[in-house]
Amino acid sequence: MPLLDSFTAISLLLLVRVLCIQASVHNYAGEKFSRKGNAFVVHGGSEGIYYSHPNLNESSASSNGDAYIRFEKITFQRTQEVANMSKGSIYAILFEVDDRETIGGSAYGGQRAICCTSDLAKLGACKEGEVIHRLSTTNPGWPQVFNVPFDSSDKTFTMEPRSVQITRTGMYNLYFMHCEPQLNDMVIEGKTIWKNPTGYLPGRMSPLLNFYGFMSLAFLVLGIFWFSQYARFWKEVLQLQNCITLVITLGMFEMALWYFDYAEFNESGVRPTGITVWAVTFGTVKRTVSRLIILTVSMGYGVVRPTLGGLTSKVVMLGGTFFLASEVLELVEHVGAVSDLSGKAMLFLSLPVAVLDAFFVLWIFTSLSSTLNKLQAKRMMGKLDIYRKFTNALAVAVIVSVGWICYELYFKSTDIYNEQWQNAWIIPAFWHVLSFSLLCVICALWAPSQNSMRYAYSDDGSEEFDKEDSLMLIKPSPVSTKEVAELRSVHSEDGDLEEDKTE
């Protein structure tokens, strides 16, 4: 119950968050500056943006072929108590990740500081109280630094609207900074709009739009094959095949919803929260049902045993826990996700899902081993053959998954600053391809046919042997020469007895 209460609390917090979030339009609704080193910072966003050809026509800043970052209605509010006491500037600093070393500095090789210290000021490197920045040697004109002074006694001051055109492909970061400790209660309001040449999708998400379109088509082809077989042999359909039909249907809806979610996001710049939540939920239900089907099939349900017996409650509990953990993880990862950065909470939420997945794998292969032994002992050669193929497919999938997890860990550990953002879409895409491939193998093994019922459990004793075994049992075994001689002797004696009786 404590675990369920925790998940319920997290889900409610996520729901509150979902109702206030928009997408690649980065909104700042009363966000406070947090202390980072000797500076006060608000992270304005991080996205990968592709190259856009420079355009001298100012009115074309919103045209479809341009990539830009636009500042709109950015205001800063401070309390009245410090309005007459503090003077200085707010800095909006926009830089490409390769130019990160141009922000901040250190005196005599000491600790790196964002705001200019007295030691650095003595060296003439900067003016004390200002954010340290210098121009990049490889990217002329960058980083872009916009100064918003607050010398007057006003409580609120506004940043002038402006658009920054992106003419170099890269991972761009925006930070709002100041160096005044007295302004620790200052908040920021407004929004920034980030756009790629092809639309509003963040750079790492752009390739996924075409990918989900391809996967929707792949599920459609698989669905046509499966449903045609289902319609032809509907009288021979097993309960397992009904479950596979459900998984295919869920997969078709999931891929279609992801495609429409990304298409709407790309077109409007505002992520459709409703579609995203439905896509996440359909995907989570599909993954949960798929694991439960594989687990129950591995236990031999419907093949060597009519029910799961006392294991039913444990299987349902494992499936329910996996659904809750996966749903929370997917909601945090996708609903309201704007920046191309992963939070530390992702690691914490990923651990329960990883542990449950490992438990599923362990239970599945333990059950498969037991089921294979039963099939071999009962000499069900037809069922044994299909289960061996199923086991081999699962083993290959697990080996490939472990290899890909190792690569994913290597990828993320060596890409601290998201410099490989253009290839990041391959990681989630791979898992979709792997699960779809395994589903195709299962569909090929258990496709509806006129012989489907031969793989079903039967309690009349006929399941003890299949057709091949029956033929083997009724086939006459070779008779030795000694046995033939004995049989002839018996027949000869019987003949003599008959003659004596006749006489």
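Keep in mind the model is a prediction, meaning the values are calculated, not measured.
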Does Y51 reach the side chain of N196, with side-chain heavy atoms less than 4.5 Å apart? no
With side chain to side chain contact (heavy atoms under 4.5 Å, CB included) as the criterion, how do V187 and E31 come out once you've worked through the C-alpha distance, each side chain's angles and the decisive distance to 0.1 Å? CA-CA 5 Å; V187 296; E31 295 188 33; over 6 Å; no
Between OG of S326 and CG of L331, what distance do you get to the nearest 0.5 Å? 10.5 Å
In this structure, are over 12 heavy atoms from other groups packed under 6.0 Å from E267 atom CD? no
Aromatic contact between F390 and W446, with the criterion being ring centroids under 6.0 Å apart: yes or no? yes
So, do V247 and K286 sit near enough that their side-chain heavy atoms are less than 4.5 Å apart? yes
Looking at F95, is R100 sitting on its ring face, NZ or CZ under 6.0 Å from the six-membered ring centre and within 45 degrees of the normal? no
Side chains of P181 and F40: closer than 4.5 Å at any heavy-atom pair? yes
Side-chain contact, heavy-atom cut-off 4.5 Å: F76 with T158? no
Are there more than 12 heavy atoms of other residues, nucleotides or ligands under 6.0 Å from atom CZ of F260? no
Trace of the side chain to side chain contact (heavy atoms under 4.5 Å, CB included) decision for L246 with I293: CA-CA 11 Å; L246 174 61; I293 290 174; over 6 Å; no
Look at atom CZ of F33 and say whether more than 12 heavy atoms of other residues, nucleotides or ligands are closer to it than 6.0 Å. yes
Go through the steps to decide whether C116 and C179 satisfy the test disulfide (SG to SG under 2.5 Å), and finish with yes or no. CA-CA 9 Å; C116 186; C179 301; over 6 Å; no
Looking at the rings of Y50 and W421, which for Trp means the six-membered one, are their centres under 6.0 Å apart? yes
Apply side chain to side chain contact (heavy atoms under 4.5 Å, CB included) to L394 and I294, showing your working. CA-CA 9 Å; L394 286 181; I294 292 175; 3.8 Å; yes
Does a sphere of radius 6.0 Å around CZ in F214 hold more than 12 heavy atoms from other residues, nucleotides or ligands, not counting ones at 6.0 Å or beyond? no
Between the side chain of N38 and the main-chain N/O of I114, is any donor-acceptor distance below 3.5 Å? yes
For the residue pair N173 / Y417, report whether a side-chain donor-acceptor contact shorter than 3.5 Å exists. no
Decide yes or no on salt bridge (Lys or Arg N to Asp or Glu O under 4.0 Å) for E101 and R112, but give the supporting numbers first. CA-CA 10 Å; E101 296 298 329; R112 192 174 184 83; 3.7 Å; yes
Can you tell if the side chain of I69 reaches within under 4.5 Å of the side chain of S163, non-hydrogen atoms only? no
Checking T284 against E327: is there a side-chain donor and acceptor pair closer than 3.5 Å? yes
Heavy-atom check, side chain of W226 versus side chain of C443, under 4.5 Å: yes
All heavy atoms of C126 vs all of L120, minimum pair found to be SG-CB, 3.7 Å
So, taking the atom named NE2 in H432 and the one named CD1 in I427, what distance separates them when rounded to the nearest 0.5 Å? 12.5 Å
Testing T276, N266, T273 for side-chain hydrogen bond (donor to acceptor under 3.5 Å, both in side chains) with D261, which one passes? T276
Testing the basics here: between G203 and P207, what is the closest heavy-atom pair and its distance to 0.1 Å? O-CD, 3.4 Å
Closest heavy-atom contact between Y175 and M177? CB-CE, 3.6 Å
Would you find more than 12 non-hydrogen atoms of other residues, nucleotides or ligands less than 6.0 Å from W404 atom CH2? yes
Distance col, row D357:CG vs L362:CG, nearest 0.5 angstrom, shows 12.5 Å
Step through it carefully: locate the ring centre of Y172, locate the ring centre of W142, and say whether they are under 6.0 Å apart. yes
Approximate separation, where rounding is to 0.5 Å, of I188 CD1 and M159 CE: 8.5 Å
Would you say R168 and D98 make side-chain contact, with heavy atoms under 4.5 Å? yes
Decide yes or no for Q420 and M171: does some side-chain heavy atom of the first lie under 4.5 Å from some side-chain heavy atom of the second? no
Under 3.5 Å side-chain donor-acceptor pair for H26 and E47: yes
Y212 ring center within less than 6.0 Å of Y262 ring center: yes
Any donor-acceptor N or O pair under 3.5 Å, side chains T192, W194: yes
Check against side chain to side chain contact (heavy atoms under 4.5 Å, CB included), V280 and W258: CA-CA 8 Å; V280 165; W258 278 126; 3.7 Å; yes
With rounding to the nearest 0.5 Å, note down the distance linking CG in N147 to OG in S89. 3.5 Å
How close do G141 and Q144 get, counting heavy atoms only, and between which atoms? O-NE2, 3.3 Å
Looking only at side-chain N and O atoms, does H43 offer a donor or acceptor that is under 3.5 Å from a partner on S46? yes
Crowding at CZ, F322 (>12 non-hydrogen neighbours, <6.0 Å): yes
As a test of understanding, state which of Y91, F146, Y28 forms a ring pair (Phe, Tyr, Trp, His ring centres under 6.0 Å) with F176. Y28
Nearest-0.5 Å distance, CD1 of residue I248 to CG of residue L220: 11.5 Å
Electrostatic pair R78-D185, nearest N-O below 4.0 angstrom: no
